[in-house]
Amino acid sequence: NEPGTGILPLIPDYTSNKLGIFILAKKKQQQFNFELGGRYDYLDQRVATITRGIVKEIKRYHNNVSNIGLAGGARYIFSNGTNLSYNIGLASRNPGINELYSFGLHQGVSGIEEGDPNLLREEALKNTLSISGKINSKILFEILYFDQAIENYIFLNPQNQFRTTIRGSFPVFKYTQTRARILGLDFTSALLLTERINASLKASYLKGSDTQNNIPLIYLPSNNLFLSLNYKVPKVGQWDQIILEINNK
């Protein structure tokens, strides 16, 4: 904060200390591989905010919270080298400083952002299932599906209002929470046509839902399809490892 400018910082002054410890165990038994892990995090934050009323005062917060994460997985390797994997994980995340205490104009997005000091921590349960391998040593592939349920999902919610300041009129965004579910499917493959010619195909499908309000989630990445074809040029004089590629996304 620069006194006399009339402008308050978007996020307040704060100090943050975090301590984490994790343990990971692995076991291999014939064609099975097993993993089990756990993590504990302790976070201590001391924040000095400036009140939003006409009379400005300093209001201090002291947040000390603990999070626990658990994960487990198993992988089966078939005789032909194909891998089938399943993983499940339980994780939690505390709101960030910006999500809790933002208040003011965010110049980078030309919008006014408001945090909420009463936000709860996010808690997520994620399942993933994948299969990967190769066909005739020429085709490599991986297919991955995931399903993630998130309680108290935090996002920047656009409000149906504009606020006028000395710098102009700007849309207002507030950090809010909801119950969410995100599903995804990723596909990756590579085709080795010759020693010098390779092709690849990548596809990603993503669907997110605000299950509390029965509407789609915003700000998710687009579904996409990526194709490429590359040619490794033979050595030319001192030039080596030259690759020409054409792709489309």
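As a basis for the values below, the full set of heavy atoms in this structure was taken, side chains included, without hydrogen atoms, waters or symmetry mates. Model, not experiment: these values are computed from the prediction.
- Residues Leu192 and Ser137 approach most closely at CD1-O, 3.8 Å, considering heavy atoms.
- Interatomic distance, Lys207 NZ to Arg181 CZ, rounded to the nearest 0.5 Å: 10.0 Å.
- A perpendicular orientation is assigned to the rings of Phe78 and Tyr76, their planes being inclined by more than 60° (bins at 30° and 60°).
- Of the possible donor and acceptor atoms, none in the side chain of Ser92 sits under 3.5 Å from a partner among the backbone N and O of Asn67.
- Following chains of ILVMFWY side-chain contacts shorter than 4.5 Å, one can reach Tyr219 starting from Leu206, so the two form part of one hydrophobic cluster.
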TODO: Evaluate the side-chain hydrogen bond (donor to acceptor under 3.5 Å, both in side chains) criterion for residues Asn83 and Ser85: first the C-alpha distance (whole Å), next the side-chain angles of each, then the deciding distance (0.1 Å), finally the verdict.
DONE: CA-CA 6 Å; Asn83 290 265; Ser85 300; 5.6 Å; no

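- Atom CG of Asp147 and atom CD1 of Ile182 lie 10.0 Å apart (nearest 0.5 Å).
- For CD1 of Ile246, the number of neighbouring non-hydrogen atoms (other residues, nucleotides, ligands) closer than 6.0 Å is 12 at most.
- When all heavy atoms of Thr211 and Ala180 are compared, the closest pair comes out as OG1-N, 4.0 Å.
- Atoms NZ and CD1, from Lys232 and Ile242 in turn, are 13.5 Å apart once rounded to the nearest 0.5 Å.
- No hydrogens or angles considered: nothing links the side chains of Ser222 and Asn224 as a donor-acceptor pair under 3.5 Å.
- Summarising the geometry, atom CD belonging to Glu142 is positioned 15.0 Å from atom NZ belonging to Lys134; distances are rounded to the nearest 0.5 Å.
- Between the CG atom in Asn17 and the CG atom in Asn64 there is a gap of 11.5 Å [rounded to 0.5 Å].
- Contact annotation: the side chain of Thr176 approaches that of Phe155 to within less than 4.5 Å [non-hydrogen atoms, C-beta and beyond].
- Hydrophobic cluster membership differs between Tyr153 and Leu183, with clusters built from Ile, Leu, Val, Met, Phe, Trp and Tyr side chains linked at under 4.5 angstrom.
- Residue Gln161 qualifies as enclosed at atom CD: its count of foreign heavy atoms under 6.0 Å is above 12.
- In terms of modelled atom types and a separation under 3.5 Å, the side chain of Glu245 and the main chain of Ser228 share no donor-acceptor contact.
- Summarising the geometry of Pro171 relative to Phe162, their closest heavy-atom pair is N-CD2, 3.5 Å, with the distance given to 0.1 Å.
- Scanning both residues, Gly20 and Asp41, for their nearest heavy atoms gives CA-OD1, 3.3 Å.
- Within the model, atoms OG of Ser209 and CZ of Arg179 stand 12.5 Å from one another, a figure rounded to the nearest 0.5 Å.
- Linking Ile, Leu, Val, Met, Phe, Trp and Tyr residues whenever their side-chain heavy atoms come within less than 4.5 Å leaves Leu119 and Val172 in two separate clusters.
- Side-chain contact between Phe141 and Thr188: absent, with no pair of heavy atoms (C-beta onward) separated by less than 4.5 Å.
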Task: Criterion side chain to side chain contact (heavy atoms under 4.5 Å, CB included) on Val47 and Arg60, from CA distance to verdict - done: CA-CA 6 Å; Val47 188; Arg60 300 183 184 274; over 6 Å; no

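- Counting only distance, with no hydrogens or angles, the side chain of Thr194 and the backbone of Arg196 share a donor-acceptor pair below 3.5 Å.
- Donor-acceptor pairing under 3.5 Å is lacking for the side chains of Asp210 and Gln212.
- The environment of CG in Asn214 is sparse: at most 12 heavy-atom neighbours from other residues, nucleotides or ligands sit within 6.0 Å.
- You'll find the side chain of Ile50 stays beyond 4.5 Å of the side chain of Pro12, heavy atoms only.
- Closest approach of Leu105 and Ser110 over heavy atoms only: CD1-C, 4.2 Å.
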- [ ] Before giving the answer on side chain to side chain contact (heavy atoms under 4.5 Å, CB included), spell out for Gln107 and Arg167 the whole-Å C-alpha distance, their side-chain angles and the decisive distance to 0.1 Å.
- [x] CA-CA 11 Å; Gln107 298 278 12; Arg167 293 184 244 181; 2.5 Å; yes

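- Side chain of Asp116 to backbone of Asn118: a donor-acceptor contact under 3.5 angstrom is found.
- No more than 12 heavy-atom neighbours from other residues, nucleotides or ligands sit within 6.0 angstrom of OH on Tyr14.
- Other residues, nucleotides and ligands contribute over 12 non-hydrogen atoms within 6.0 Å of the CD1 atom of Ile243.
- In terms of the side-chain hydrogen bond (donor to acceptor under 3.5 Å, both in side chains) criterion, residue partners of Tyr86 (sequence neighbours excluded) are, by chain and number, Asn127.
- Side-chain contact check for Asn63 versus Leu43: every heavy-atom pair is 4.5 Å or farther apart.
- Placement of Phe103 and Leu100 in two distinct hydrophobic clusters is found when ILVMFWY residues are connected by side-chain heavy-atom separations under 4.5 Å, directly or transitively.
- Gln148 contributes no side-chain N or O that, together with a main-chain N or O of Phe146, makes up a donor-acceptor pair within less than 3.5 Å.
- Just one of Asp186, Leu129, Leu185 meets the side chain to side chain contact (heavy atoms under 4.5 Å, CB included) condition when paired with Ile143; it is Leu185.
- The distance between the ring centers of Tyr101 and Tyr61 falls below 6.0 angstrom.
- Residues Leu225 and Ala203 come closest through the heavy atom pair CD1-CB, 3.8 Å.
- In terms of modelled atom types and a separation under 3.5 Å, the side chain of Glu35 and the main chain of Gly72 share no donor-acceptor contact.
- Neither Ile215 nor Ile218 shares a network with the other; the hydrophobic side chains, linked directly or stepwise wherever heavy atoms of I, L, V, M, F, W or Y lie under 4.5 Å apart, form separate groups for each.
- Counted within 6.0 Å of CG on Leu244, heavy atoms from surrounding residues, nucleotides or ligands total more than 12; the atom is thus considered enclosed.
- Proximity of Lys56 to Leu8: side-chain heavy atoms (C-beta onward) are separated by under 4.5 Å at one or more points.
- Using a 4.5 Å heavy-atom threshold, the side chains of Gln29 and Lys27 count as touching.
- Side chains of Tyr175 and Asn157 form no contact here, defined as non-hydrogen atoms less than 4.5 Å apart.
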- [ ] Begin from the C-alpha positions of His106 and Asn98 and carry the test side-chain hydrogen bond (donor to acceptor under 3.5 Å, both in side chains) through to its verdict.
- [x] CA-CA 11 Å; His106 188 163; Asn98 59 320; over 6 Å; no

Task: Asn230 vs Ile197, side chain to side chain contact (heavy atoms under 4.5 Å, CB included): CA-CA, chis, key distance, verdict - done: CA-CA 6 Å; Asn230 65 63; Ile197 301 176; over 6 Å; no

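- In this structure, Leu193 and Asn198 have side chains that are not in contact, with every pair of non-hydrogen atoms separated by 4.5 Å or more.
- Around atom NZ of Lys18, no more than 12 heavy atoms belonging to other residues, nucleotides or ligands sit under 6.0 Å away.
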TODO: Could you walk me through whether Gln177 and Leu120 pass the side chain to side chain contact (heavy atoms under 4.5 Å, CB included) test, one step at a time?
DONE: CA-CA 8 Å; Gln177 293 185 292; Leu120 304 175; 3.9 Å; yes

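- With respect to Glu114 and Arg163, a salt bridge is recorded, a charged nitrogen being found less than 4.0 Å from a carboxylate O.
- Just one of Arg121, Arg93, Lys174 meets the salt bridge (Lys or Arg N to Asp or Glu O under 4.0 Å) condition when paired with Glu99; it is Arg93.
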- [ ] Could you walk me through whether Tyr40 and Tyr42 pass ring-ring contact (aromatic ring centres under 6.0 Å, His included), step by step?
- [x] CA-CA 7 Å; Tyr40 170 79; Tyr42 174 78; 7.2 Å; no

